[in-house]
Chemist: 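Structure below; questions to follow.
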Amino acid sequence: QVQLVESGGGLVQLGGSLRLSCAASGIMFSIADMDWYRQAPGKQRELVATITSRGQTGYANSVKGRFIISRDNAKNTVYLQMNNLKPEDTAVYYCLSPDSGSWGQGTQVTVSS
């Protein structure tokens, strides 16, 4: 059974930083592509960042240059380092294993101005 558990969300001020973690189990993590999505109130869920099994990364234009996705295969964990946070980054952040179609439960990020 695939399980993804996000952590690291919270309340942060404008310009602050947070690091989200997503611990995976039940998948061959080292060969799995992983994604971070977010969903703000009243909006559709959107792709924020992606990392392939080989470590290639991609970002939404809205976070490029501020967010960094990374992975630690020894810990079966994918990270999202978020810097220079803005109020429009406020959302629930989810990780996804695209191959399995499994989502985590999400972690709330709130950026105050």
Chemist: CG/D99 to CD1/I31 distance, rounded to the nearest 0.5 angstrom?
Modeler: 8.0 Å

Chemist: Count I, L, V, M, F, W, Y as connected when their side-chain heavy atoms are under 4.5 Å apart, and connections chain through other members. Are L85 and I69 then in the same cluster?
Modeler: yes

Chemist: Would you tell me whether T50 and D35 have side-chain atoms, one donor and one acceptor, within less than 3.5 Å of each other?
Modeler: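 Yes - a donor-acceptor pair under 3.5 Å links their side chains.
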
Chemist: Look at the side-chain heavy atoms of Ile, Leu, Val, Met, Phe, Trp and Tyr, link any pair under 4.5 Å apart, and say whether V111 and V63 land in one connected group.
Modeler: yes

Chemist: Within 45° of the axis and under 6.0 Å from the centre of the six-membered ring of Y79, does NZ or CZ of R19 qualify?
Modeler: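 Yes, R19 and Y79 form such a contact.
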
Chemist: Just how far is it from atom OG of S100 to atom CE of M28, taken to the nearest 0.5 Å?
Modeler: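 Atom-to-atom, S100:OG and M28:CE are 13.5 Å apart.
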
Chemist: Measure the shortest side-chain to side-chain distance between M34 and I27 over non-hydrogen atoms and say whether it is less than 4.5 angstrom.
Modeler: yes

Chemist: Indicate yes or no: at least one non-hydrogen side-chain atom of Q108 is less than 4.5 angstrom from one of T90.
Modeler: yes

Chemist: To the nearest 0.5 Å, what is the distance between OG (S53) and CZ (F29)?
Modeler: 10.5 Å

Chemist: Enter the distance from K86:NZ to S113:OG here, rounded to the nearest 0.5 Å.
Modeler: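 Answer for the NZ-OG pair, K86 versus S113, is 13.5 Å.
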
Chemist: Can you find a pair of side-chain heavy atoms, one from L80 and one from R38, that are under 4.5 Å apart?
Modeler: no

Chemist: Is the CD atom of Q13 crowded by more than 12 outside heavy atoms at less than 6.0 Å?
Modeler: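 Count not over threshold, so no.
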
Chemist: Do side-chain atoms of R71 reach the backbone of D33 as a donor and acceptor pair under 3.5 angstrom?
Modeler: no

Chemist: Using only atom types and a distance under 3.5 Å, with no angle test, would you say the side chain of Q105 pairs donor to acceptor with the backbone of E6?
Modeler: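 Side chain of Q105 to backbone of E6: a pair is present.
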
Chemist: Taking L11 as the starting point, is it possible to reach L18 by hopping between hydrophobic residues whose side chains are less than 4.5 Å apart?
Modeler: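 No, no single cluster joins them.
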
Chemist: Within the 4.5 Å heavy-atom criterion, are W103 and L4 side-chain neighbours or not?
Modeler: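 Heavy-atom side-chain distance check fails, nothing below 4.5 Å.
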
Chemist: Got S25 and N76 here, is their nearest side-chain heavy-atom distance under 4.5 Å?
Modeler: no

Chemist: Could you pull out all residues at least two apart from S21 that satisfy side chain to side chain donor-acceptor pair (under 3.5 Å)?
Modeler: none

Chemist: Checking S17 against N83 for the side-chain hydrogen bond (donor to acceptor under 3.5 Å, both in side chains) test, could you report, in this order, the C-alpha distance in whole Å, the side-chain angles of both residues, the deciding distance, and whether it holds?
Modeler: CA-CA 4 Å; S17 297; N83 301 317; 3.1 Å; yes

Chemist: May I ask you to decide if the ring planes of Y93 and F67 are parallel, tilted or perpendicular, using 30° and 60° as cut-offs?
Modeler: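 Y93 vs F67 ring planes: tilted.
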
Chemist: Indicate yes or no: at least one non-hydrogen side-chain atom of M82 is less than 4.5 angstrom from one of W36.
Modeler: no

Chemist: Taking the six-membered ring of Y59 (Phe, Tyr or Trp), confirm whether the NZ or CZ of R66 is under 6.0 Å from its centre and within 45° of its axis.
Modeler: no

